[in-house]
Undergrad: 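Take this structure first; my questions come after.
All heavy atoms count here, side chains included; hydrogens, waters and symmetry mates do not.
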Amino acid sequence: MTQDVLLTISGLHDMAFANPEENEENEPIEVITPASYYWKNGKHYILYDEVMEGIPGVVKNKIKITGEDSMEIMKSGITNAHMVFEKNQMNVTYYDTPYGQLHVGIHTRKLDVNVDDERIDIAVEYGLDVNHEATADCRIAMSIRPKAQAEEAISGK
């Protein structure tokens, strides 16, 4: 895999179970962003910057994938967090935002990591607790591809 990659993140937070009286549709979110990929000490690293709408500044993100059973997302900047996703485990962290600190629990039910020479695909399903209350069932899919390959796929070549 090359250093210059495109990262696609698709996610859905189903909050219906937390607020059953609210029947709003949960819209999936998709982000495609340039990123840097590194392989170091038997781990995959993906680094990218995130801009938050309406808030000045940048969030530096680092995704660390260890084998097939563990993924970490570390955020620093205008928000700070170290989220750990491990199959069938509950992990807690503090998530610092410009509006205050949240106590976040992540109960990972599913974590599938598929790696080959030209692509990394990740699928995660987890329950999210915020300040000790169940908040959402979440699904995230990530795809990391060499930038040139991803651009060819987008342009249809």
Side-chain angles (χ1 to χ4, degrees), residues 1-15 28-53 55-132 134-154:
M1 175 100 58
T2 64
Q3 180 180 344
D4 292 327
V5 296
L6 277 183
L7 169 64
T8 302
I9 303 172
S10 303
L12 179 67
H13 293 109
D14 183 2
M15 300 169 80
I29 298 169
E30 183 171 78
V31 174
I32 301 173
T33 187
S36 297
Y37 167 81
Y38 298 95
W39 169 260
K40 184 177 179 183
N41 298 326
K43 297 171 180 66
H44 303 274
Y45 292 88
I46 298 94
L47 310 172
Y48 69 99
D49 291 342
E50 176 183 4
V51 177
M52 296 179 71
E53 191 173 318
I55 301 174
V58 171
V59 178
K60 299 275 187 190
N61 290 278
K62 179 178 4 178
I63 300 170
K64 179 170 83 171
I65 304 163
T66 306
E68 296 179 1
D69 296 328
S70 177
M71 177 179 72
E72 299 173 51
I73 299 175
M74 293 150 274
K75 295 178 170 287
S76 62
I78 55 176
T79 64
N80 294 288
H82 184 164
M83 299 175 289
V84 179
F85 301 84
E86 296 175 298
K87 275 186 186 176
N88 302 313
Q89 297 289 321
M90 170 69 114
N91 288 288
V92 295
T93 189
Y94 287 99
Y95 198 111
D96 295 320
T97 75
Y99 307 106
Q101 187 178 70
L102 303 170
H103 183 267
V104 175
I106 300 166
H107 182 249
T108 308
R109 291 186 287 275
K110 176 183 171 186
L111 176 62
D112 291 330
V113 178
N114 296 303
V115 179
D116 67 32
D117 291 340
E118 294 299 319
R119 182 180 194 130
I120 300 173
D121 290 311
I122 305 161
V124 185
E125 293 181 8
Y126 62 98
L128 181 67
D129 297 346
V130 176
N131 295 331
H132 307 287
T135 304
D137 282 325
C138 307
R139 291 187 302 275
I140 298 174
M142 294 186 205
S143 178
I144 299 98
R145 290 202 254 173
K147 192 173 183 179
Q149 177 190 16
E151 287 173 346
E152 285 177 15
I154 291 169

Undergrad: What residues form a side chain to side chain donor-acceptor pair (under 3.5 Å) with H107, not counting sequence neighbours?
TA: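 Listed in chain order: nothing, the list is empty.
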
Undergrad: Between Y99 and I55, is any pair of side-chain heavy atoms under 4.5 Å apart?
TA: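 Result yes, sub-4.5 Å side-chain heavy-atom pair found.
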
Undergrad: Which heavy atom of P98 sits nearest a heavy atom of T79, and at what distance?
TA: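 Heavy-atom minimum between the residues: CD-CG2, 3.9 Å.
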
Undergrad: Applying ring-ring contact (aromatic ring centres under 6.0 Å, His included), name anything that partners Y48, two or more places apart in sequence or on another chain.
TA: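 Per chain and number, Y48 pairs via ring-ring contact (aromatic ring centres under 6.0 Å, His included) with no residue.
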
Undergrad: Quick check: does any side chain N or O of D129 sit under 3.5 Å from a backbone N or O of H132, one acting as donor and the other as acceptor?
TA: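 Checked: no pair found.
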
Undergrad: I'd like to check the side-chain contact (heavy atoms from CB on, under 4.5 Å) partners of I29; sequence neighbours left out, ordered by chain and number.
TA: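 By the side-chain contact (heavy atoms from CB on, under 4.5 Å) rule, I29 matches V31.
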
Undergrad: Apply the test side-chain contact (heavy atoms from CB on, under 4.5 Å) to residues L7 and V5: give CA-CA distance (whole Å), side-chain angles for both, the deciding distance (0.1 Å), then the verdict.
TA: CA-CA 6 Å; L7 169 64; V5 296; 5.5 Å; no

Undergrad: Quick one about E30 and S10 (side-chain donor to acceptor, distance below 3.5 Å, no hydrogens or angles considered), yes or no?
TA: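 Their side chains do contain a donor-acceptor pair, which is all the 3.5 Å distance test asks for.
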
Undergrad: Measuring from Y95:OH to N80:CG, what's the distance to the nearest 0.5 Å?
TA: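 Y95 OH to N80 CG: 9.5 Å, rounded to 0.5 Å.
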
Undergrad: Just how far is it from atom CG of D121 to atom CG of D116, taken to the nearest 0.5 Å?
TA: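 D121 atom CG to D116 atom CG measures 8.0 Å (nearest 0.5 Å).
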
Undergrad: Is it the case that atom NZ in K75 sees more than 12 heavy atoms from other parts of the structure closer than 6.0 Å?
TA: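 More than 12 heavy atoms, drawn from other residues, nucleotides or ligands, come within 6.0 Å of this atom.
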
Undergrad: Compare every heavy atom of Y45 with every heavy atom of K40, then report the nearest pair and how far apart it is.
TA: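 Between these two residues, the closest heavy atoms are O-CE1, 3.7 Å.
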
Undergrad: Do N91 and M83 come within less than 4.5 Å of each other through their side chains, counting heavy atoms only?
TA: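 Counting from C-beta outward, N91 and M83 never come under 4.5 Å.
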
Undergrad: Could you tell me whether a side-chain N or O of T93 sits under 3.5 Å from a main-chain N or O of H82, the two making a donor and an acceptor?
TA: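 Pair found, side chain donor or acceptor close to backbone of H82.
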
Undergrad: Flag yes if more than 12 heavy atoms outside K62 fall under 6.0 Å of its NZ atom; otherwise flag no.
TA: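 Atom NZ in K62 is not packed in, count stays at 12 or less.
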
Undergrad: Tell me, with the steps shown, if I46 and M142 meet side-chain contact (heavy atoms from CB on, under 4.5 Å).
TA: CA-CA 11 Å; I46 298 94; M142 294 186 205; over 6 Å; no

Undergrad: side-chain contact (heavy atoms from CB on, under 4.5 Å) for M71 and V124? Distances and angles first, verdict last.
TA: CA-CA 9 Å; M71 177 179 72; V124 185; 3.7 Å; yes

Undergrad: Below 4.5 Å, heavy atoms only, C-beta onward: do I73 and F85 meet side chain to side chain?
TA: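 The answer is yes, as the side chains (C-beta and beyond) meet within the 4.5 Å cut-off.
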
Undergrad: To check you understand the geometry: which heavy-atom pair defines the closest contact between T33 and D49, and what is its length?
TA: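 Closest pair (atom of T33, atom of D49, distance): OG1-O, 4.1 Å.
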
Undergrad: Give, for atom CD1 of I106 and atom CD of Q89, the distance between the pair rounded to the nearest 0.5 Å.
TA: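 Going from the CD1 atom of I106 to the CD atom of Q89 covers 12.5 Å.
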
Undergrad: Is the count of non-hydrogen atoms from other residues, nucleotides or ligands lying under 6.0 Å from Q101 atom CD greater than 12?
TA: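 Yes.
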
Undergrad: How long is the gap from SG on C138 to CG on L12, to the nearest 0.5 Å?
TA: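 So the gap between those two atoms works out to 8.0 Å.
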
Undergrad: Donor-acceptor pair, distance only, cut-off 3.5 Å: does the side chain of D69 make one with the backbone of E86?
TA: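 Between the backbone of E86 and the side chain of D69 there is no qualifying donor-acceptor contact (under 3.5 Å).
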
Undergrad: How far apart are the C-alpha atoms of R145 and S143, what are their side-chain angles, what is the distance that settles it, and do they pass the side-chain contact (heavy atoms from CB on, under 4.5 Å) test?
TA: CA-CA 6 Å; R145 290 202 254 173; S143 178; 4.0 Å; yes

Undergrad: Supply the atom-to-atom distance I144 CD1 to T2 OG1, rounded to the nearest 0.5 angstrom.
TA: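 Reported value, rounded in 0.5 Å steps: 12.0 Å.
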
Undergrad: Can you tell me how far OH of Y37 sits from CD1 of I63, rounded to the nearest 0.5 angstrom?
TA: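 Rounded to the nearest 0.5 Å, the CD1-OH separation comes to 12.5 Å.
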
Undergrad: In the structure I gave you, are the side-chain heavy atoms of K60 and L47 within less than 4.5 Å of one another anywhere?
TA: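 Sidechains of L47 and K60: no contact.
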
